[in-house]
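See structure below.
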Amino acid sequence: MACILETENLTKEYGSKTAVRDVNMHIGEGRIYGLIGRNGAGKTTIMRMISGLATPTRGSYSLFGKTGPEKGKMLRQVGVLIESPGIYPRLSAQDNLKIKCLALGVDARREVPALLKTVGLGDVSPKQKAGAFSLGMRQRLGIALALAGRPKLLVLDEPINGLDPQGIVEVRETLVRLRNEQGVSIMISSHILDELSRVADDYGIINDGELLDEFTSAELHLRSGKSVMIRADRPEEVLRLLEKMGLHGEAAEDRAWIRVRDGLDRTGDMTRAIVEAGIPLHELYLRSVSLEDYYLGVTGGHQTHPASPEDVHPDVKGGKPNA
Ligand code: ATP
């Protein structure tokens, strides 16, 4: 896989604060790269640096294989949507795009209809002002603006934040279409890991400014296979019972949950053994590990966003699940 972006010890300091530290990241051609991390982890700072909007304190990166002054020219091949899109609310989508095309020296007459079509706004009336758009439409107009000049790499910071389910689907379909039909590489950050896992081919996990892990979706499936989850009283006794059965259980730090990675076909035996030993068993089930679970394992349980009651996951000790 050819890398279109590679960073080497990329670091950004703001005074005494290190926002990004020694990041070595790789984005493959025609791939969607999901950047994951909680608030303040350093995602936006990385995106700003690789888009030429911020200067690294240390380290470097190559774009399309180029470094140094040659890389500067390559920045034209990078389309950026960081924070809210710079849209003129009193103008139509068409006029917003026309202005962007003019600024880039691109033929607006040819490009604007194509851009609108790409993001699914082909049918929007030129009379409709962008200020009256739904959030989803605005976000797609933002993506269209980032796509003006036909960049080969699109950098999108939280593009689905605040969108309703319909808007999320529209943005997802737009991104997949861009990758599949135009071979655009896309770097996208999102707090919504379930959604990210529907589009991303590769992932990077960033925590406190450091890239903790980088993996493909195929690797994620391999690493995060199924396991049996057990919630019972007297966990130490359960662990001993499992051991007698030739199985290896791992207890969560607070002992609330035990995870068993082997013996997926022996849930019946496990249930029987625990019940026959007179240990109150509250739950025993087969669980697949999601991107969110994997992320929590790698970062030691930091949520990508403040925890809500629905977000409680059994935080099983032991770093990468099945890594
Ligand atoms: P969020 O999802 O909240 O945007 P993030 O992962 O994008 O988070 P960054 O915005 O990259 O995180 O911020 C990383 C760290 O750097 C934070 O602690 C932030 O406060 C700090 N930071 C970012 N920009 C600046 C700046 N211009 N001056 C000082 N500190 C900054």
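Quick caveat: nothing in here was measured; it's all calculated off a predicted structure. We count ligands from 1, going down the list as the structure has it; atoms in each ligand are counted the same way.
A salt bridge between K152 and E29 is absent, with no side-chain N of the basic residue lying under 4.0 Å from a carboxylate O of the acidic one. Ion pairing of E111 with R150 is present here, as a side-chain N (NZ or NE/NH1/NH2) and a carboxylate O approach within less than 4.0 Å. Ion pairing between D95 and R90 fails under the 4.0 Å rule for side-chain N and carboxylate O.
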Determine all donor-acceptor pairs shorter than 3.5 Å in which one atom belongs to a side chain in residues 173-180; sequence neighbours excluded.
residue : atom : partner : partner atom : Å
T174    : OG1  : E170    : O            : 2.8
R177    : NE   : T118    : O            : 3.4
R177    : NH2  : T118    : O            : 2.4
R179    : NH1  : D201    : OD1          : 2.8
R179    : NH1  : D201    : OD2          : 3.1

Using atom types as modelled, flag every donor-acceptor pair under 3.5 Å from a side chain in residues 122-130 to any protein atom, sequence neighbours excluded.
residue : atom : partner : partner atom : Å
S125    : OG   : K127    : N            : 2.9

Identify all side-chain donor-acceptor contacts of residues 182-189 below 3.5 Å with residues at least two apart in sequence or on another chain.
residue : atom : partner : partner atom : Å
S185    : OG   : G30     : N            : 2.8
S189    : OG   : D157    : OD1          : 2.6
S189    : OG   : E158    : N            : 3.0

At less than 3.5 Å, what protein N or O atoms come close to the N or O atoms of ligand 1? Include the distances to 0.1 Å.
residue  : atom   : partner : partner atom : Å
ligand 1 : 2 (O)  : N39     : OD1          : 3.4
ligand 1 : 2 (O)  : K43     : NZ           : 3.3
ligand 1 : 3 (O)  : N39     : OD1          : 3.4
ligand 1 : 3 (O)  : G40     : N            : 3.4
ligand 1 : 4 (O)  : T44     : OG1          : 3.3
ligand 1 : 6 (O)  : A41     : N            : 3.0
ligand 1 : 6 (O)  : G42     : N            : 2.8
ligand 1 : 6 (O)  : K43     : N            : 2.9
ligand 1 : 6 (O)  : K43     : NZ           : 2.9
ligand 1 : 7 (O)  : T44     : N            : 2.8
ligand 1 : 7 (O)  : T44     : OG1          : 2.5
ligand 1 : 8 (O)  : G40     : N            : 2.7
ligand 1 : 11 (O) : T44     : N            : 3.4
ligand 1 : 11 (O) : T45     : N            : 2.9
ligand 1 : 11 (O) : T45     : OG1          : 2.5
ligand 1 : 12 (O) : G42     : N            : 3.2
ligand 1 : 18 (O) : K17     : NZ           : 3.3

